[in-house]
2 protein chains.
Amino acid sequence: MNAARLSSSARFWVVSVQQRRERERAERHQLIIDAARELAESDGWDAVTTRRLAEKVEYSQPVLYSHFKGKDAIVRAVAVEGFAELGRRMHAARTTPTTTSTAPLRALAEAYLRFAGERPALYDAMFVQRIDIAFGSEETPAELRTSFGEIVAALEPVAGDRDLDALAEAFWSALHGIATLRHGQRLRPELDGDRLDLVLAAFAPA
Amino acid sequence: MNAARLSSSARFWVVSVQQRRERERAERHQLIIDAARELAESDGWDAVTTRRLAEKVEYSQPVLYSHFKGKDAIVRAVAVEGFAELGRRMHAARTTPTTTSTAPLRALAEAYLRFAGERPALYDAMFVQRIDIAFGSEETPAELRTSFGEIVAALEPVAGDRDLDALAEAFWSALHGIATLRHGQRLRPELDGDRLDLVLAAFAPA
DNA sequence: TCCAGGATCTAGCACTGCTAGCGACACGAG
DNA sequence: CTCGTGTCGCTAGCAGTGCTAGATCCTGGA
């Protein structure tokens, strides 16, 4: 009896220890992702090396590889979190009550470009770096699907008889093109306002 | 007299030798650019290392550095040639006689996307990689300015009272967005036709 | 108290872009 | 024809990259 109770208690304790370990492991996992994103946002992705990253989280390099298959997987994890935030921002912009019908689309577009401008490194990981994330398939991360869904939802009221999926891809392409060319200093800043006005007028005619 | 003639002849010969050397040097310069582009187009830019490139042109690495300041400069040289070709393609597409007024714009857009699709590595060097080429300034390579000019020219007939520069930037952004997202497998191939139709209809309403 | 197993680190591999310094070769003078 | 001179290209090496094998230490359980 005593043995049984002790054993049971011991097993319970073990489980608790395991839980604590798993929790600590999960925290460290997140710590690595956060450190990578911070490093990229402050010094650019070129500065995100496994050595610097390991130093920042105060572990040795091999620890990174016990959490992620390689550096690519870390960038991918950062990107997925980026999709989630972009989705949240677009949703908030789109659903904030307004008076006109095209305003939600404009709000969404502005939120998209603001995100790309404020977090260029994050945007880069999500959409520019070769990141090996399936987009059209079933393994597409939910965060990504939701983000695209926000664009579709914002365009739905103005689509008319146009194909909604193709329209969403076209509109997204325009935003993405502006975001990347802008970041590469290939567009004139003084035209920012006019340029977006033209895109909105083109895709959502009054 | 004899000495003078000899001296003169010798000097002339020296000049000729110098010319030959300069010509050979220029040829090797071009050889490096071509090799870099071919390597990138067949195996991707990741495969373009100074060692492989040197091996391909059958010289040692330091020779590359006697022609270019560094690897970046080689990529830049490849990109500049890309601008020239893209400009030629767009010009040809735009000026080929047609019946309707929006056809030139469609032809230009299709030429742009065909170029991006057929030579993804070259397009990457031109517009995706950080390449440190000024775009808005006076040192902007002529090839680049001409390319943008083609877009402006194609939009001019359909601009109406819209700001032509902003319109060109917006239209270019849409094309660039499609090109890059398409290359990253982020757009559905089966929507290619519809998507472009929508962009054209949006920017050049009938 | 001692052992087994897991977590973590040290040290090293093959590769990268880039460069210092040596050696060979072609040129021009005597 | 021989001999300096100067240019040109090479070998070898540096610091830094992503990634990993093997040793080491530390903790939980008998």
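Hydrogens, waters and symmetry mates play no part in the numbers below; they use all other heavy atoms, side chains included. In what follows, chains are A, B, ... by sequence order, proteins preceding strands, each numbered from 1.
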- Query: Could B:Arg182 and B:Asp192 be called an ion pair, given the rule that one side-chain N must be under 4.0 Å from one carboxylate O?
  - Reply: yes
- Looking at B:Phe127 versus B:Phe83, is the centre-to-centre ring distance below 6.0 Å? yes
- Message: If you count heavy atoms of other groups shown closer than 6.0 angstrom to CD of A:Glu118, is the number above 12?
- Response: yes
- Message: Tell me if the aromatic rings of B:His176 and B:Tyr123 count as close, with their centers under 6.0 Å from one another.
- Response: yes
Contacts under 3.5 Å, N or O only, protein and nucleotides 13-19 of chain C:
{"residue": "C:dT16", "atom": "OP1", "partner": "B:Thr49", "partner atom": "OG1", "Å": "3.4"}
{"residue": "C:dT16", "atom": "OP1", "partner": "B:Arg52", "partner atom": "NH2", "Å": "3.4"}
{"residue": "C:dG17", "atom": "OP1", "partner": "B:Val48", "partner atom": "O", "Å": "3.4"}
{"residue": "C:dG17", "atom": "OP1", "partner": "B:Lys71", "partner atom": "NZ", "Å": "3.2"}
{"residue": "C:dG17", "atom": "OP2", "partner": "B:Thr50", "partner atom": "N", "Å": "2.7"}
{"residue": "C:dG17", "atom": "OP2", "partner": "B:Thr50", "partner atom": "OG1", "Å": "3.0"}
{"residue": "C:dG17", "atom": "N7", "partner": "B:Arg51", "partner atom": "NH1", "Å": "3.1"}
{"residue": "C:dG17", "atom": "O6", "partner": "B:Arg51", "partner atom": "NH2", "Å": "3.1"}
{"residue": "C:dC18", "atom": "OP2", "partner": "B:Tyr65", "partner atom": "OH", "Å": "2.9"}
{"residue": "C:dC18", "atom": "OP2", "partner": "B:Lys71", "partner atom": "N", "Å": "2.7"}
{"residue": "C:dC18", "atom": "O5'", "partner": "B:Tyr65", "partner atom": "OH", "Å": "3.3"}
{"residue": "C:dC18", "atom": "N4", "partner": "B:Gln61", "partner atom": "OE1", "Å": "3.2"}
{"residue": "C:dC18", "atom": "N4", "partner": "B:Gln61", "partner atom": "NE2", "Å": "3.1"}

- Item | Integer-rounded Å distance: C:dT8 C1' and A:Glu24 CD | 14 Å
- Ignoring backbone atoms, establish whether A:Arg25 has a side-chain N or O less than 4.0 Å from OP1 or OP2 of C:dG6. no
- Note on the structure: To the nearest angstrom, the CG-C1' distance between A:Leu64 and D:dT20 comes to 13 Å
- When rounded to whole Å, the CD to P distance for the pair A:Glu55 and D:dG18 reads 13 Å
- Task: Starting from the first five and the last five pairs of the helix from C:dT1-D:dA30 to C:dG30-D:dC1, work out the angle between the resulting helix axes, to 10 degrees.
- Result: 30°
- Item | Check: B:Glu55/B:Gln61 side-chain N/O donor and acceptor closer than 3.5 Å | no
- Message: Quick check with a 6.0 Å cut-off and a 45 degree axis cone: is B:Arg28 positioned over the face of B:Tyr59's six-membered ring?
- Response: yes
- How long is the gap from CG on B:Leu31 to NZ on B:Lys56, to the nearest 0.5 Å? 9.0 Å
- Task: Provide, to the nearest angstrom, the distance between the CZ atom belonging to B:Arg28 and the C1' atom belonging to D:dC10.
- Result: 12 Å
- Message: Less than 6.0 angstrom separating the ring centers of A:His29 and A:Phe68, yes or no?
- Response: yes
- Item | Length of the line joining B:Leu31:CG and D:dG9:P, which is rounded to integer Å | 13 Å
